[in-house]
Novice: 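For reference, the structure I am asking about is given below.
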There are 2 protein chains.
Amino acid sequence: MARTTRPTLTHVAASAGVSVSTASLAFSGAGPVSERTRQRVLDAAAELGYAGPDPMARSLRQGRTGIIGVVFAERLRHAFRDPVAIALLDGLAEELGPVGPGLLVLTGNDERAGPSTEQLAAAPLDAAVFATCDLEEEPLVEPLRVREIPMVGIEGPRMPGVSLVDIDNIGASREVTEHILSLGHKRIAAVVLPWRPGRQRGFLDRARRDLSGSVVFADRLRGTEEAIGASVHAWEAAASTVEEGRAAGRALLDVDEPPTAIVAHSDLLAAGVIQAAHELGLRVPEDLSVAGFDGIDTPWLDPLTLTTAVQPMVEKGRIAGRMVTDLLAGRTPEDVLLPVHLRVGGTTAPPR
Amino acid sequence: MARTTRPTLTHVAASAGVSVSTASLAFSGAGPVSERTRQRVLDAAAELGYAGPDPMARSLRQGRTGIIGVVFAERLRHAFRDPVAIALLDGLAEELGPVGPGLLVLTGNDERAGPSTEQLAAAPLDAAVFATCDLEEEPLVEPLRVREIPMVGIEGPRMPGVSLVDIDNIGASREVTEHILSLGHKRIAAVVLPWRPGRQRGFLDRARRDLSGSVVFADRLRGTEEAIGASVHAWEAAASTVEEGRAAGRALLDVDEPPTAIVAHSDLLAAGVIQAAHELGLRVPEDLSVAGFDGIDTPWLDPLTLTTAVQPMVEKGRIAGRMVTDLLAGRTPEDVLLPVHLRVGGTTAPPR
DNA sequence: ATGAAAGCGCTAACAT
DNA sequence: ATGTTAGCGCTTTCAT
């Protein structure tokens, strides 16, 4: 009795001599079924090669897929190069693991910063987490808002309908810079995050400071300048990577009167700055102090440990996951602001 | 006229004064609709706040979700730490980007190597790509095989029903080792990949060599031993990371008569070995030659460039994506074996 | 404990 | 170009 099409619950039920509803209960366990019947159904299923209830049919009926979308405003290769994003995903996966099938990764490509509107409209999601969508004017939330998909933002601006997991970017950045100042540094430069959109590499000009871009970019810059009490000589990186940090370091250090300290707004950028310094024959921290932001593992800097602002990366993901769970249960979670603490490492010291 | 429930195509059609099927066509463009009608439907939709056809209903009807699953046999944080995996995902996303919503990431957790059977049975996939599932006895394929989900494996064993994108692990590993031998090295050690399952750190014992584990582990080891013509003194890493490489380097080098060359079966492991060497006061390549495998960017080794076997990481993903497309179109793609080429860098030199 | 029936929202034949 | 109709495969009332 070969069948060319996949068996369905109807076939299984028929073969077991029960109704479809009973067969359904035998699989879901959502109702009373005698052990004997249950076994008959499962046996019939095994014999027919039935793989269990069809996920799409079940989704349509129940109104949910179990899938959580994770939205990145960049191409996958760039998003996943960032240890902070990976840690976030890990926390998210850990928290949501038992819940459903998994995480649907929604990224952009070379042309688009983030998934297309069509993608967002067609994705079978129960909820979405914005991993790196920190723009004031975020075109990515609208398609999901229309669908009434619960949303959680990470370090974004406060937006109606988007629950927020935030960290104290301004305060932490200020604290790092204050540490540098307290060591006695006068000539301080900064390497700031990509302004986004239209990321570019180069000295930060006034125009870009004032236009609204990424709030993380703006907050970390603001913290640094609040500490200094004036605007800081800054280089804008096109991405948060070691290579970009290195380019920044070269640009800032290979001049007549280089700074004695550089505040980088990510650890990867800081690592690049340190590398550039070494290449230019400068010792860290003797000739140059360098601070970062994030608190990622930097085993390759060993024996140096980076002075940095340690943010709870995995925890951000876990909390976002918990918020998703709450939202799906109909609860309205409070926004969360997580603390960041200064970790003084070996890359900062008084100027000579 | 407030509605408490989300509007459906039926509401939109009624409001526009057309039938549901016409309204459907107005959205999908899959049939002839007059421009005037189309506009009326879209206007009605906009007014009602209709977000477009429901993805679940559409999936059920059409029999596909547009979602491609990517299966990792480890926890997310470990999988995504590997630049090779990221590059693969990037190629995959690039190739499949226009096709559908996105990639569903299916990972394990601390207890399970990979997603659970339930997860695999319930995930709404059109096809699956096994990113790091290289076991002979892979429990992860069975749940998908039963569902008749098209599958593509990366560097796995040849399995019925799983299309394969492979690279020449044996040949490339042999070539790297031959390069080391041609330089005149006699005392050669290897740092091999995790044997999996039951990854552990330590000198590789005979028992593990003989048991069937990861085929990538086995193939790269085999290539090295084929070149040497004998079994090699080897350390098994618990993961392909810089830290593990460092631990391996310490174990292999901090002895009375250390090897003059170490063949590491990944670039991250090689980077760790180099770091360990530096910490022990050994210069690379003067005192120790080190080779890797993969060809990832290692800017932090600068100015050193790693001698390694360069594999087409992104290309693997692209081809896997193309295979998925083929399989979904009903075609049966041929298995692919991609070439790997030796890149001689500055980390290998004749022994002193 | 089991069965009958309705319907989730949509698309695709088919008819007009 | 538009409408009618049948179902995709399942879960969930509601009867029995």
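As a basis for the values below, the full set of heavy atoms in this structure was taken, side chains included, without hydrogen atoms, waters or symmetry mates.
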Novice: For A:Ser34, enumerate each residue passing the side-chain hydrogen bond (donor to acceptor under 3.5 Å, both in side chains) test, keeping only those at least two apart in sequence or located in another chain.
Specialist: A:Thr37

Novice: Would you please name every residue forming a salt bridge (charged side-chain N to carboxylate O under 4.0 Å, His left out) with A:Glu155, sequence neighbours left out?
Specialist: A:Arg220, A:Lys316

Novice: If we fit an axis to the first five pairs and another to the last five of the helix from C:dA1-D:dT16 to C:dT16-D:dA1, what angle do they make, to the nearest 10°?
Specialist: 30°

Novice: Please list all pairs meeting salt bridge (Lys or Arg N to Asp or Glu O under 4.0 Å) that have one or both residues in residues 26-45 of chain B, counting only residues at least two apart or in different chains.
Specialist: B:Glu35-B:Arg38

Novice: Can you name the residues that form a side-chain hydrogen bond (donor to acceptor under 3.5 Å, both in side chains) with B:Arg77, not counting sequence neighbours?
Specialist: A:Asp90

Novice: Can you sort out which residues in residues 25-47 of chain A have a heavy atom within less than 4.0 Å of DNA chain C? Ascending by number, please.
Specialist: A:Pro32, A:Val33, A:Ser34, A:Thr37

Novice: For D:dG9 and A:Tyr50 - does any side-chain N or O of the residue sit under 4.0 Å from the phosphate oxygens OP1/OP2?
Specialist: no

Novice: Sequence neighbours excluded, which residues qualify as salt bridge (charged side-chain N to carboxylate O under 4.0 Å, His left out) partners of A:Arg158?
Specialist: A:Asp335

Novice: Crowded around A:Glu47 CD? As in, over 12 foreign heavy atoms under 6.0 Å?
Specialist: no

Novice: According to a strict under-4.0 Å criterion, is A:Arg58 in side-chain N/O contact with OP1 or OP2 of D:dC10?
Specialist: no

Novice: Could you tell me which residues satisfy ring pair (Phe, Tyr, Trp, His ring centres under 6.0 Å) with A:Tyr50, sequence neighbours excluded, listed by chain and number?
Specialist: A:Phe27

Novice: Restricting to nitrogen or oxygen on both sides, can you table the protein-nucleotides 6-8 of chain D pairs closer than 3.5 Å?
Specialist:
from: D:dG7; atom 1: N2; to: B:Arg61; atom 2: NH1; distance (Å): 3.1

Novice: Polar atom pairs between nucleotides 13-15 of chain D and protein, under 3.5 Å, N or O only, would you list them?
Specialist:
none

Novice: Heavy atoms only: give me the nearest B:Val41-B:Ala16 pair and the separation to one decimal.
Specialist: CA-CB, 3.9 Å

Novice: Applying side chain to side chain contact (heavy atoms under 4.5 Å, CB included), can you list everything that pairs with A:Pro197, at least two apart in sequence or on another chain?
Specialist: A:Leu135, A:Trp195

Novice: With a sphere of 6.0 Å drawn around CD of B:Glu142, does it hold more than 12 non-hydrogen atoms of other residues, nucleotides or ligands?
Specialist: yes

Novice: Using 4.0 Å as the upper bound for N to carboxylate O, is an ion pair formed by B:Arg112 and B:Glu118?
Specialist: no

Novice: Go through A:Glu95 and A:Arg318 one step at a time and tell me if the salt bridge (charged side-chain N to carboxylate O under 4.0 Å, His left out) criterion holds.
Specialist: CA-CA 5 Å; A:Glu95 189 67 29; A:Arg318 281 204 210 97; 5.3 Å; no

Novice: Only one of A:Ile68, A:Val152, A:Ile154, A:Val70 forms a side-chain contact (heavy atoms from CB on, under 4.5 Å) with A:Leu92, so which one is it?
Specialist: A:Val70

Novice: Do A:Phe72 and A:Phe80 have their ring centres less than 6.0 Å from each other?
Specialist: yes

Novice: A:Val20 or B:Thr22: which one's nearest nucleotide on DNA chain D is closer to the 5' end?
Specialist: B:Thr22

Novice: On DNA chain C, which is the earliest and which the latest nucleotide, 5' to 3', with an atom closer than 4.0 Å to a heavy atom of chain B?
Specialist: C:dG9 to C:dA12

Novice: State whether the number of non-hydrogen atoms from other residues, nucleotides or ligands found under 6.0 Å of B:Arg64 atom CZ is greater than 12.
Specialist: no

Novice: Reading DNA chain C from 5' onward, which residue's closest nucleotide shows up sooner: B:Pro53 or A:Ser19?
Specialist: A:Ser19

